[in-house]
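What follows is a set of notes on a single structure, which appears directly below.
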Protein chains: 2
Amino acid sequence: MDTPAELRISTAHRELLDQVLDKWSLSILNELCERPCRFNELRRAIPEVTQKSLTGTLRRLERNGVVERKVTSTRPVAVTYSITPLGKTLRGPVDVLLDWADQHLPAIEAARDAFDGAGDA
Amino acid sequence: MDTPAELRISTAHRELLDQVLDKWSLSILNELCERPCRFNELRRAIPEVTQKSLTGTLRRLERNGVVERKVTSTRPVAVTYSITPLGKTLRGPVDVLLDWADQHLPAIEAARDAFDGAGDA
DNA sequence: CCGCATCCTAAGGGATACTG
DNA sequence: CAGTATCCCTTAGGATGCGG
């Protein structure tokens, strides 16, 4: 066992994960992994997100270097978002996480059930 | 390559990860992986967390089956929190994530720097 | 010792309207 | 088309005091 390997949790770590694993980031990253997208393409792809949240999340992802924003100043203006190499490195870890979630979701739902049921008869 | 393997992001997934990867969960899980803890032990171990947040997080973790809360109704009452087998399965994925953060933090900080600097001269 | 209840503040997120 | 700006409401979170 390696076990002494602590989960070293620095503020930087937490901050970073907060920025990258927030509510909409995963969905956006998911889309951008498939293909570069225009702003409104993303809106259509993720209908639940509001324009404000989408803008905010994209800005944050851009700032953290996982998404690239390319403006074509040509005409009414075209903006294309794409994933960066750094962004691509996120897929592995995220996939592991989603895998975990997938695998243990039933157990967790059972736990929730038990917990919620325990309160009353 | 598996790559077509989409990041399937269901609401359940997001919800689950939100519950388990929130601000204090990682630190708490970290502590409980070392040893079972009393409530105030945890407070001492994680001084930044307030009692309210700690209680809330522990409850949520308990509900999701990753933490067990054992009450010894003996005397002034003793409560012991410990990690469950399900909780232990989280270490792997989380470790991968922290690893990623560790590895790419410099690149990300550079990206932030570049982004923040780009605004002005 | 453990934790709930209350109060309060700050931040997140939706809806809407308006600009380059 | 791609945002920015504003208003408003809901939520998370800290501080504090009390109760089992």
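In the text below, chain A, chain B and the rest are named by the order of the sequence lines, each starting its count at 1.
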Requested in this report: Mind calculating the distance between CG (B:Leu58) and P (D:dG13) to the nearest angstrom?
Outcome: 13 Å

Query - Whichever of B:Thr55 and B:Arg44 has its nearest DNA chain C nucleotide further upstream toward 5' - result: B:Arg44

**Report entry** Of the listed nucleotides C:dC1, D:dG13, D:dC1, the one nearest the side chain of B:Val77
**Finding:** C:dC1

Query raised in the report: Distance check: side-chain N/O of A:Ser53 vs OP1/OP2 of C:dG14, anything under 4.0 Å?
Result: yes

**Report entry** Protein-nucleotide distance (A:Glu48, atom CD; C:dG14, atom C1'), rounded to Å
**Finding:** 14 Å

Query raised in the report: Between A:Lys23 (NZ) and C:dG13 (P), how many Å, whole number?
Result: 6 Å

Report summary line: note: A:Glu41, atom CD; D:dA2, atom C1'; distance rounded to Å ~ 13 Å

Report summary line: Atom CD1 of B:Ile46 and atom P of D:dG13 are separated, to the nearest Å, by 14 Å

Query raised in the report: Nearest to the side chain of B:Arg38 - D:dC1, C:dT6, C:dC1?
Result: C:dC1

Query raised in the report: In terms of side-chain heavy atoms of A:Asn40, which of C:dC2, D:dC1, C:dG14 is nearest?
Result: D:dC1

Query raised in the report: Between C:dG3, D:dG14, D:dG3, which one does the side chain of A:Phe39 approach most closely?
Result: D:dG3

**Report entry** side chain to side chain contact (heavy atoms under 4.5 Å, CB included) evaluation trace for B:Val67 with B:Leu32
**Finding:** CA-CA 8 Å; B:Val67 157; B:Leu32 295 184; 3.7 Å; yes

Query raised in the report: Would B:Glu15 and A:Arg112 satisfy salt bridge (Lys or Arg N to Asp or Glu O under 4.0 Å), going step by step from the backbone distance to the final call?
Result: CA-CA 13 Å; B:Glu15 197 186 321; A:Arg112 288 181 187 165; 3.7 Å; yes

Query raised in the report: B:Arg43 CZ to D:dG14 P: how many Å, rounded?
Result: 11 Å

**Report entry** Closest-nucleotide ordering on DNA chain C, the 5'-leading residue of A:Arg60 and A:Pro76
**Finding:** A:Arg60

Report summary line: CG (B:Asp102) and CG (B:Leu98) are apart, to the nearest 0.5 Å, by 7.5 Å

Query raised in the report: Starting at CG of A:Asp22 and ending at C1' of D:dA12, how long is that distance when rounded to a whole Å?
Result: 15 Å

**Report entry** Atom-pair distance (CZ on A:Arg69; C1' on D:dG3), nearest Å
**Finding:** 8 Å

Query raised in the report: What distance separates B:Glu31 CD from B:Arg43 CZ, expressed to the nearest 0.5 Å?
Result: 14.5 Å

Query raised in the report: Across the strands shown, which category fits B:Arg59 at heavy-atom distances under 4.0 angstrom: base, sugar-phosphate, nothing?
Result: sugar-phosphate

Query raised in the report: Do B:Gln51 side-chain and C:dC2 base share a donor-acceptor contact under 3.5 Å?
Result: no

Query - Presence of A:Tyr81 side-chain N/O under 4.0 Å of D:dC1 phosphate oxygens OP1/OP2 - result: no

Report task. Starting from the C-alpha separation in whole Å, work towards a yes-or-no answer on side chain to side chain contact (heavy atoms under 4.5 Å, CB included) for B:His13 and A:Leu26. Result -> CA-CA 11 Å; B:His13 280 136; A:Leu26 293 187; over 6 Å; no

